[in-house]
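Here the structure is laid out as C-alpha cells; the discussion comes afterwards.
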Amino acid sequence: MLKRIKRRYLALEVDSAETFESKDFMNAVWSAVTKLYGEHGASQTGLSLIHYEPERKFALVRVACVACDMVRAALATMTRIGDKPVTVHVIAVSGTIKAVYKNVGQMLA
Amino acid sequence: MRRLYSDLHLRPNIRDFKQTVSMISKAAKLGYRLTAITFPSNCDERERQQIKEAGSEAGLDVATRVDLWSNTPNELVRDLRRHRRKFEVVCAVCQSKDVARQAAKDRRVDLLNFPSFDFRRRFFDLAEAELASNSLASFEIDMEPLLTSEGAGRIRFLSSLRREALIAADFHVPIVVSSGASNELLMRRPMELAIMGSLFDLKKDLALDAVSENPAAIVKRNREKLSSSFVAPGIRVVRRGKDC
C-alpha cells in the first residue's frame, strides 16, 4: 500500500527593498533548489507555492517532509531574484496551514 | 533547554556606525543573543565601547573580535602578544601552512579560519586537527562564501568543507559556524546556518552546537580570563581585603 506523503508548510519572509511577482519568486526558489541538489533532488521536494503576499513580503510554501531541510538550505543560499538582492528567511515551519498561520501570528504580534 | 544562538563573525564597516548598528539590530531580530564584531586591530577602546552599548540597546550581547592576517609564525606570535588582552575573540586567518600550525598549537588563538577557496591553500588536515585538539582553538566555517559563490567554485568549496568537518569531528575539535556577513543581506537565521551545515554532512546536533554552545563557550572563557578577578585557570579572586 502506498504510504501517505507527509508535508511541511514553511512561512517565508522575503527580505528585500523590491517586490516580486509570485512567478519570479518561485522561479528563483526552484533555481536555488536545482543548483544545490540537481533535478533529481528538486523532484523529491514536492515544492509548491500556497500563498504569496508581495506587499507584506510573505510567502507560504509546501514541501515534502523528507525534503524540508533541503529546501531550507536552498532558500538560505538565495541572494538574488533576477538582478535584485534578496534574502529569504524561514519564519515558521509546521505540519498544517492552520498551525503555521498561528505561529506566524504569534511571532508578528 | 532552549539554545542561545551566537554568530561570532559579523564584518560591518566599523567606520560606518549606522551600518554597524543596523547589522546589530538585524542580528537581534534574527534571534541571536550574542555576536562578535570584527574590529580593526588598531581601533580604540572608546569605539569598541560605543558599539557594545549599541548592542545592549538592541538587546544583544556584542563581543569584540580581531582577525590576525599574519604572514609568518613569528608575526602571529607578535600579534597575539599585542592584541590578545584587548579583544574577547581572537581569530587567526591562516594563509600559509606555517601560520596554520603555529595558530593551532597556540592557546591564545580561539578560532582557526581558512579563507581560501582553493583546497591546496586550506590547511585544516589531520596534523592541524591534532594540534588544535590539544589547544583551545576551534575550527571556524564562514557561510558567506557559500552564498556568494556558485558553480564549480561552490562545488569544490563544499567538498573541502565536507572533508574538514569530518576531520574536526574525528579529533573533537569544536566547530563554529558563522555568517561572515559584511552586509545585512548576507545574514541568516541561526537555524538556517545550522541547516546549511547539512550541505557538508555536518550532523544536526553538531551543527546546532556550532551556532550556539561552541561560540558561547569561547566568549565565556575569554571574558573570565580578561576579568580582573582571574588569576589562573580554575583560580580567581573572590574577595579582596586585609582580613583575607
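To find a chain, count down the sequence lines: A is the first, B the second, and so on, and within it residues start at 1.
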Inset, instruction - Hey, could you give me the CG/CG distance between B:L185 and A:D15, rounded to the nearest 0.5 Å? - result: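 Answer for the CG-CG pair, B:L185 versus A:D15, is 6.0 Å.
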Inset, instruction - Drop me the distance from B:L186's CG to A:T79's OG1, to the nearest 0.5 angstrom. - result: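 Here the interatomic distance stands at 7.5 Å.
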Inset, instruction - Below 4.5 Å from any heavy atom of chain B, which atoms of A:M78 appear? Answer side chain, backbone, both or neither. - result: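 It is the backbone, since no side chain atom gets that close.
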Legend entry - Contact class of B:M187 relative to chain A, heavy atoms under 4.5 angstrom: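 For B:M187, backbone heavy atoms alone lie under 4.5 Å from chain A.
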Inset, instruction - Give me the contact list for residues 14-31 of chain B versus chain A, heavy atoms only, anything under 4.5 Å, ordered by residue number. - result: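 Listed by number: B:K26, B:K29, B:L30.
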Evaluate whether atom [atom1] of [X] has more than 12 neighbouring non-hydrogen atoms of other residues, nucleotides or ligands under 6.0 angstrom away.
X: B:R101; atom1: CZ; result: yes
X: B:R221; atom1: CZ; result: yes
X: A:E53; atom1: CD; result: yes

Legend entry - B:E150/A:K35 salt bridge by N-O under 4.0 Å criterion: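 B:E150 and A:K35: salt-bridged.
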Inset, instruction - Could you check which of B:L147, B:L193, B:L158 has the highest count of heavy-atom pairs closer than 4.5 Å to chain A? - result: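 Maximum pair count with chain A is reached by B:L147.
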Legend entry - Residue from B:R189, B:M191, B:M196 passing side chain to side chain contact (heavy atoms under 4.5 Å, CB included) with A:R72: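 By the side chain to side chain contact (heavy atoms under 4.5 Å, CB included) criterion, A:R72 pairs with just one of B:R189, B:M191, B:M196: B:M191.
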Inset, instruction - Give the minimum heavy-atom separation between B:L199 and A:A73, together with the two atoms involved. - result: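 Shortest heavy-atom contact: CD2-CB, 4.2 Å.
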Legend entry - B:I195 and A:M70, any side-chain heavy atoms less than 4.5 Å apart: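 A side-chain contact under 4.5 Å is absent here.
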